[in-house]
Amino acid sequence: MAQRVHDVAIIGGGVVGCAIAHELGRSRARTVLLEQAADVGFGTSKANSGIIHGGHQAAPTTLKGHLEWLGNRMWGDLCIELGFGFARVGGLTVALRDDELPALDKLQHQAATKGVPGVERWGRAALRRAEPNLTKQAIAAVYSPTTAVINPYEACFGLAASAARSGVEVRTLSPVTALAHDGELWVITTPTGLVRARFVLNAAGTAAARISALAGAGTYRMSFRKGEEYLLDKRLRGLVGRVIYPCPSATSKGTLVIPTYDGTIMVGPTADEVADPDDLATTADGAARVIAAARRLVPGISERDVIAEFAGVRAVVDGDDFRIGATGAPGFFDVAGIQSPGLTAAPAIAVMVADLLRGAGLDLTPAAGDGRLAPLPPLPPFVHFAGSSTARRQELAAADPRYAHIVCRCEYVTEAEVCHAIERGAHTLDGVKFRTRAGMGRCQGGFCTSRCMALLAREMGVPLTAVTKRGGDSWLVLDRGQVVQR
Amino acid sequence: MTASYLCIGCPLGCRLEVDDDPGGDILEVRGFSCRKGKEFAAQEHVDPRRSVTTTVALLGADLCRLPVKTAATVPKALVRDVCRALRAVRVIAPVQAGQVVLHDVLGTGVDVVATRAVAAG
Amino acid sequence: MISDRPHLLRSEYDVAIVGGGPAGLGAAVAAREAGAQRVLVVDRDTEAGGVLLQCIHSGFGLHRFGEELTGPEYAQRVLCEALDDGVDVVTEAFVLDVAADHALTIASPRHGVVTVQARATVLAMGARERTHSAIRIPGDRPAGVFTAGLAQRLVNIDGVLPGRRVAILGSGDIGLIMARRLTLEGVEVVGVFELLPHPNGLSRNIVQCLHDFDIPLHLSTTVVGIHGRDRIQRVTVAPVDETLQPLMQRAWEVPCDTLLVSVGLIPENELSQQLRLRIDPATMGPVVASTMETSRDGLFACGNVVHIHDLVDFVSAEAELAGRHAGRYATGQATPADNVRLLPGANVGYCVPHTVSTDRDHVVYLRVRTMFDPCLLRLRTPDGTVVHERKLRYVAPAEMVNLKLRPALLQGFHGDSLIVEVVPR
């Protein structure tokens with residue numbers, strides 16, 4: 001196969017890689033996004049808490065603190081452009097003891113330094129009124145109206161779909177196995193073929209240090225911090241209206257109570273150092289700690305309410321800040337160590353990286369005005385039957401009968417949505433699940449799994465046995481002939 | 001000698017006991033709550049038998065598997081062999097409930113029949 | 001088969017029934033017999049019959065039809081009865097909403113999103129399976145973890161197999177049935193692991209599904225870890241102590257590529273909750289009167305949506321009751337209200353119905369909390385007067401107890417509540 005030379009190869013299709021792809025998609029640069037998994041956003045991003053932090057959470061003296069507030073202000077426009085859900089629900093950092101009050105002072109000071117508007121101190125009475133299910137032990141809180149929630153995987157899908165539409169090549173199932181500079185171009189080996197590019201962006205998340213070493217771009221220590229998250233039954237919808245933070249510790253924001261964009265309450269994450277970046281196992285101990293910590297903030301939460309759980313691993317580089325910039329290797333940039341508030345910062349990281357590339361000689365024509373590249377036309381929004389009014393449902397069904405065929409009985413996902421998800425790049429059961437919510441409800445796929453598998457097989461023209469949960473060796477079913485017959 | 005069995009005739013699950021003499025003749029059956037239970041115990045003691053339900057390949061219909069059963073019980077030792085024999089069977093829709101899909105399976109004298117109707121699709 | 005191709009969907013019905021399994025179809029027939037002219041059954045699948053269509057094993061119908069049928073045979077009989085009676089059975093249709101005035105919003109590719117007005121409604125949505133999330137097994141989240149019922153559908157309807165080497169968590173009947181089913185398909189079933197010290201399924205299934213095939217059953221043992229990045233590679237299992245806490249130092253590893261979870265069913269109660277029906281926390285289904293009427297007028301419920309039954313035969317009996325009273329309600333025939341509340345007492349988890357009348361015959365279904373050998377089933381007043389007693393040979397949580405309650409049994413009783421208890425003899 002003849003290889004087109006790319007200007008930029010982005011290694012890693014997490015939210016950072018996708019945001020960069022989307023940003024570069026606004027230019028004429030020839031860009032390829034290489035993702036090792038079956039779908040973008042299937043690594044650390046999928047397991048993210050989905051919070052767009054208020055802008056005041058990280059210290060202004062750090063890069064992450066700087067990019068947090070820049071990124072926060074960009075998500076509102078992005079979600080309109082890309083058609084995914086975004087809600088500025090606001091956040092509350094809650095103090096339970098007098099000795100936690102200085103932490104609140106610090107947050108307010110950070111807000112003032114960065115110019116984050118509307119951040120204010122609330123006392124008991126205001127807390128009681130706004131969040132009646134919050135613990136009565138809460139003595140004060142810092143409220144931030146800028147805090148928002150999104151579905152992180154939806155953001156990845158939207159960013160990647162938009163990038164693809166504007167000519168970025170999005171290549172999944174393409175882990176980088178070798179990487180070398182031939183004096184002029186980078187030659188990147190993947191199972192889906194060789195890629196040649198002038199610039200390489202290392203946005204490989206937990207694999208970034210390995211990729212950097214592979215490229216001879218320098219070695220650095222990376223540690224891995226696992227976070228377990230627990231989703232609670234829909235019954236608890238509305239338990240809290242804002243993202244509830246405890247007062248932060250040195251290494252983490254602590255365990256939060258999060259009203260997700262979908263309305264489900266989520267609690268987590270933990271922050272435990274692990275040796276293996278692929279260790280995505282939840283633990284009995286983690287669950288106990290998360291529930292106990294969540295109960296300190298919102299006593300109405302119980303272990304019995306947990307309907308699903310997952311874990312993600314954050315990549316941390318020494319110094320605990322983002323590592324973004326040129327390296328010892330020509331044209332090779334690190335975009336590494338993107339721990340919290342990485343999701344919040346992602347759009348700002350993308351702009352920063354585009355500036356770095358421009359500075360290195362890549363031709364990116366900026367639009368007039370804010371100096372950013374010209375925005376892309378909006379993606380058509382993904383229609384969700386469940387959130388539609390009866391009149392709208394009738395319209396949808398009249399135009400396309402597949403909208404009247406319920407495939408997921410818990411989340412009311414229709415055949416039309418599953419088919420659209422497949423058209424937009426879902427090739428796996430999880431790809432469908434995270435685009436449509438089919439399988440995320442109470443029955444956890446008991447009803448819809450075989451139905452979604454059948455639709456995937458039909459739409460992709462493959463047998464049922466070729467459908468996987470999330471690519472790789474995550475096969476789901478076998479033919480009778482594949483089972484050794486005794 | 002006394003042997004114990006658990007009756008599979010109905011959900012009651014009676015605990016059955018069978019006494020026999022050294023020649024193997026049954027002397028007494030205990031623990032049953034119905035005639036069928038008594039018969040089951042005696043049968044289970046000398047020649048355990050089971051009904052078999054499984055599916056066979058179905059062509060020419062929306063469904064790809066046809067549920068079937070043995071029309072009567074077969075020796076317990078042959079249950080797996082019956083299923084193995086049915087792996088080669090292909091049925092073409094339409095099918096009537098009760099239609100024989102395999103005559104005299106493994107020479108047991110028992111037919112295998114469809115347990116549902118399927119229209120050609 | 002039986003042509004249940006949906007014909008017309010009218011805009012008005014006497015009785016509308018949500019769910020076309022044995023409960024819904026049985027209720028439809030009974031509603032017709034009680035005088036309802038127009039009866040609708042709405043089913044979400046491509047054909048009516050419910051979960052019976054994937055239950056290809058036999059063991060159904062001994063009570064109702066006097067012979068042992070397979071699931072598809074039982075389904076075919078009840079569906080034919082409904083169609084012969086002129087019931088409209090609309091398939092591939094999903095009830096999105098039931099309003100308190102019996103207006104049903106239905107989504108169907110054939111009809112679009114439409115509203116149907118009924119005079120009475122019967123909820124017959126059946127049950128869903130408890131998932132492994134509900135029991136929370138820590139570990140990885142690889143492919144290859146299925147509920148037993150989903151595996152049953154994959155094998156019996158979709159014609160594929162879930163794996164080569166299967167471990168089963170929970171000794172519920174569906175898990176036991178699947179242990180045999182998979183073995184007969186050439187799949188290796190490495191064992192069934194049950195948290196409790198006694199099996200959760202019927203003893204006949206322990207014998208004919210496990211013993212017959214030498215499949216080990218590990219009681220007081222549970223799965224404490226799931227391992228495998230893409231596809232499940234193995235599970236960690238551990239014995240549990242009397243308080244059901246795993247003894248990790250005695251844990252061991254079981255290589256397998258599939259884990260089936262068979263940890264019970266719960267009523268499919270989304271619509272019941274949307275309607276804000278009174279729910280019994282023990283059954284997780286709606287509270288019902290002896291007519292199977294819920295806490296809303298003209299809204300009836302039957303089958304697994306009310307409580308989980310052991311046998312479809314009992315579902316059919318309950319459906320007949322609900323259908324008859326829904327038909328009567330829709331046609332303006334009154335049934336006198338109940339006058340006695342039934343309260344679960346010692347060792348009784350729940351009883352259904354929740355109220356009865358001293359003037360009519362009833363069957364009360366109850367489930368005990370723990371196993372007893374010889375024991376007494378007793379009805380008594382709150383102040384301790386014994387009204388009725390019956391000897392039972394053996395009770396277990398896995399096996400529903402039926403109590404036939406006749407007016408004669410309650411002669412001389414004048415109170416408004418009765419405690420139902422099961423005590424050792």
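Below, chains carry the letters A, B, ... as their sequence lines are ordered, and counting in each starts from 1.
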Applying a criterion of heavy atom separation less than 4.5 Å, what residues of residues 266-273 of chain C form contacts with chain A? C:E268, C:N269, C:E270, C:Q273
For A:R409, which atoms come within 4.5 Å of any heavy atom of chain C: side chain, backbone, both, or neither? both
If you count heavy atoms of other groups shown closer than 6.0 angstrom to CZ of C:R250, is the number above 12? no
Heaviest contributor of heavy-atom pairs below 4.5 Å to chain A, chosen from C:G139, C:G112, C:G159, C:P162, is C:G139
Is it the backbone or the side chain of A:R402 that comes under 4.5 Å from a heavy atom of chain C, or both, or neither? neither
Between chain C and each of A:R393, A:R235, A:E228, A:M453, count heavy-atom pairs under 4.5 Å; write down the option with the most. A:R393
A:A454 portion near chain C, given a 4.5 angstrom heavy-atom threshold: neither
When you measure from the side chain of A:Q444 to the backbone of C:T131, do you find a donor-acceptor pair of N or O atoms at a distance under 3.5 Å? no
Contacting region of C:V95 [heavy-atom separation from chain A under 4.5 Å]: backbone
Side chain from CB out, backbone as N, CA, C, O: work out which of these in A:A398 comes under 4.5 Å of a heavy atom of chain C, or both, or neither. neither
Residue pair C:R128 / A:F447, side-chain heavy-atom distance below 4.5 Å: no
Start with the C-alpha gap between C:D45 and A:R451, add the side-chain angles, then the distance that decides, and say whether salt bridge (Lys or Arg N to Asp or Glu O under 4.0 Å) holds. CA-CA 11 Å; C:D45 238 309; A:R451 287 159 174 88; 3.0 Å; yes
Check whether C:R164 reaches the backbone of A:V483 with its side chain - one donor and one acceptor, N or O, closer than 3.5 Å. no
Sort A:L478 into side chain, backbone, both or neither according to what part of it lies under 4.5 angstrom from a heavy atom of chain C. both
Which answer fits C:V155, side chain, backbone, both or neither, if we ask what part of it has an atom under 4.5 Å from a heavy atom of chain A? both
Contact check, side chains of A:L280 and C:R141, non-hydrogen atoms, under 4.5 Å: yes
With chain A, the option among C:G144, C:A107, C:P109 that has the most non-hydrogen atom pairs under 4.5 Å is C:P109
Roughly how far apart are C:D230 CG and A:W475 CH2, rounded to 0.5 Å? 11.5 Å
Roughly how far, to the nearest 0.5 Å, is the CG atom of A:D479 from the CG atom of C:L161? 8.0 Å
Checking A:Y230 against chain C: side chain, backbone, both or neither under 4.5 Å from a heavy atom? side chain
Check: A:T414 and C:F94 side chains under 4.5 Å, non-hydrogen atoms: no
Best-contacting candidate, C:E92, C:R229, C:E129, against chain A by heavy atom pairs under 4.5 angstrom: C:R229
Drop me the distance from C:D140's CG to A:T282's OG1, to the nearest 0.5 angstrom. 8.0 Å
Can you tell me how far apart CD (C:Q152) and OG (A:S450) are? Round to the nearest 0.5 Å. 12.0 Å
Heavy-atom nearest pair, A:Y412 first then C:L96, reads OH-O, 3.1 Å
To the nearest 0.5 Å, what is the distance between CG (C:L154) and OG1 (A:T449)? 8.0 Å
Under 3.5 Å donor-acceptor, A:S474 side chain and C:A143 backbone: no
Closest non-hydrogen contact found for C:R181 with A:R480 is NH2-NH2, 4.0 Å
Between A:L476 and C:F146, the two heavy atoms sitting closest are O-CZ, 3.3 Å
Can you say whether A:A397 sits under 4.5 Å from chain C via the side chain, the backbone, both, or neither, judging by heavy atoms? side chain
